[in-house]
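Comments concern the structure below.
Below, chain A is the first sequence line, B the second, and so on; all start at residue 1.
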Protein chains: 2
Amino acid sequence: MQRDTKQRQAIRKAFTDADRPLGPTEVLDLAGEHVDGLGQATVYRAIKAFVDEGWLVPVELPGEPARYELSDKGHHHHFRCRTCGSVFDLVGCVKGLEKLLPKGFKLEDHEILLYGLCDNCA
Amino acid sequence: MQRDTKQRQAIRKAFTDADRPLGPTEVLDLAGEHVDGLGQATVYRAIKAFVDEGWLVPVELPGEPARYELSDKGHHHHFRCRTCGSVFDLVGCVKGLEKLLPKGFKLEDHEILLYGLCDNCA
DNA sequence: ATAGATGCAAAGGGTTTGCACTTGA
DNA sequence: TCAAGTGCAAACCCTTTGCATCTAT
């Protein structure tokens with residue numbers, strides 16, 4: 001049974017307000033504005049709980065801490081701007097990934113990451 | 001000016017002998033068999049030097065430590081077996097990634113990761 | 001009342017760095 | 001010779017955990 005604490009309310013709000021994946025530190029900053037003395041352990045535990053219950057999904061970019069976003073976005077991939085570092089959601093996917101598989105391999109999932117310049121930075 | 005120490009010789013050998021991406025710990029184990037008292041700092045510094053000089057490229061899988069492989073393999077992607085955890089090189093690529101881009105975005109690079117079962121584990 | 005949640009601080013895992021010592025060019 | 005490279009340990013960053021306290025139910 002989950003409890004509805006003011007800490008988790010603030011953490012949930014950070015994610016619903018954001019339109020992009022958030023990392024634990026960003027969540028601590030955002031939610032910390034509304035909850036005095038919010039601890040990082042609380043943020044980590046809340047995120048873990050939200051992922052476990054399926055409300056959040058991890059967005060793991062190579063070489064940096066995991067970020068998280070709402071799971072109701074459906075299948076999509078991400079774009080990371082090399083100038084400003086922001087991560088954007090992409091719509092759509094590509095076909096033909098199976099043709100990359102060696103013989104005997106079974107494909108279960110995939111991840112596509114695009115890098116470049118975003119609208120603003122281009 | 002780079003020096004040809006026995007430590008770096010052993011570390012280079014670990015990469016040339018391996019036909020897969022290696023992480024720092026694996027390198028420490030492999031090269032450590034030939035160099036007594038090899039320190040992890042040495043491995044990290046050597047890898048960093050090899051990447052800087054372009055001999056190695058990082059292979060960063062979400063959620064785990066970076067691995068490294070020879071840069072002369074050309075453009076390719078990777079497959080990670082969910083059972084045994086091994087990482088395999090894939091040949092080929094896919095087209096049509098540009099169509100995922102929002103308007104105004106500029107595509108510079110991309111990464112594709114496939115997950116599933118390898119030949120042995122399937 | 002009481003089990004879940006919190007905050008703090010300590011502990012972990014992986015990576016980097018400071019520093020004195022070693023060694024290749 | 002003498003700067004690059006090494007080994008050790010301490011420092012760092014991010015994340016997890018132990019534990020006493022707090023609080024929603």
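- Of the N and O atoms on the side chains of B:E60 and B:H78, not one donor lies less than 3.5 Å from an acceptor on the other residue.
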Quick one: which protein N/O atoms are closer than 3.5 Å to N/O atoms of nucleotides 19-25 of chain C? Pair and distance per line, please.
residue, atom, partner, partner atom, Å
C:dT23, O2, B:R3, NH1, 3.0
C:dG24, N2, B:R3, NH2, 2.8
C:dA25, OP1, B:D4, N, 3.2

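- OP1 or OP2 of C:dG4 has not a single side-chain nitrogen or oxygen of A:R8 nearer than 4.0 Å.
- Under the 4.5 Å side-chain criterion, counting only non-hydrogen atoms from C-beta, B:F88 is not in contact with B:R80.
- As rounded to whole Å, 12 Å separates atom P of C:dA5 from atom NZ of A:K48.
- Atoms CD1 (B:I11) and P (D:dA4) sit 18 Å apart, rounded to a whole Å.
- Atoms CG (B:L61) and P (C:dG14) sit 15 Å apart, rounded to a whole Å.
- Summarising the geometry, the separation between CD on B:E26 and C1' on C:dT15 is reported as 16 Å, rounded to the nearest angstrom.
- At whole-Å resolution of the value, CD in B:Q40 and P in D:dC8 are 10 Å apart.
- Note: CD (A:E60) to C1' (D:dC14) measures 13 Å, nearest angstrom.
- Under a 4.0 Å N-O distance rule, the pair A:E26/A:R20 qualifies as a salt bridge.
- In this pair, A:H77 and A:H110 present their aromatic rings tilted. The plane angle is within the 30 to 60° band.
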Inset, instruction - Dump the intermediate steps for side-chain hydrogen bond (donor to acceptor under 3.5 Å, both in side chains) on B:Q7 and B:H34, then the final yes or no. - result: CA-CA 8 Å; B:Q7 288 88 345; B:H34 307 297; over 6 Å; no

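- Using a 4.0 Å cut-off between a side-chain N of Lys or Arg and a carboxylate O of Asp or Glu, B:R67 and B:E64 qualify as a salt bridge.
- Contact between the side-chain N/O atoms of B:T42 and the OP1/OP2 oxygens of D:dG7 is found at a separation under 4.0 Å.
- Whole-Å rounding puts the A:L28 CG to C:dC8 P distance at 11 Å.
- Taking the six-membered ring for Trp and the full ring otherwise, the centers of B:F79 and A:F105 sit less than 6.0 Å from each other.
- The phosphate of D:dT6 (OP1 or OP2) has a side-chain N or O of B:Q7 nearer than 4.0 angstrom.
- Checked against D:dC14, D:dG7, C:dT16, the side chain of A:Y44 finds its nearest nucleotide in D:dC14.
- Here D:dT23 presents its C1' atom at 13 Å from CD of A:Q9, a figure rounded to the nearest Å.
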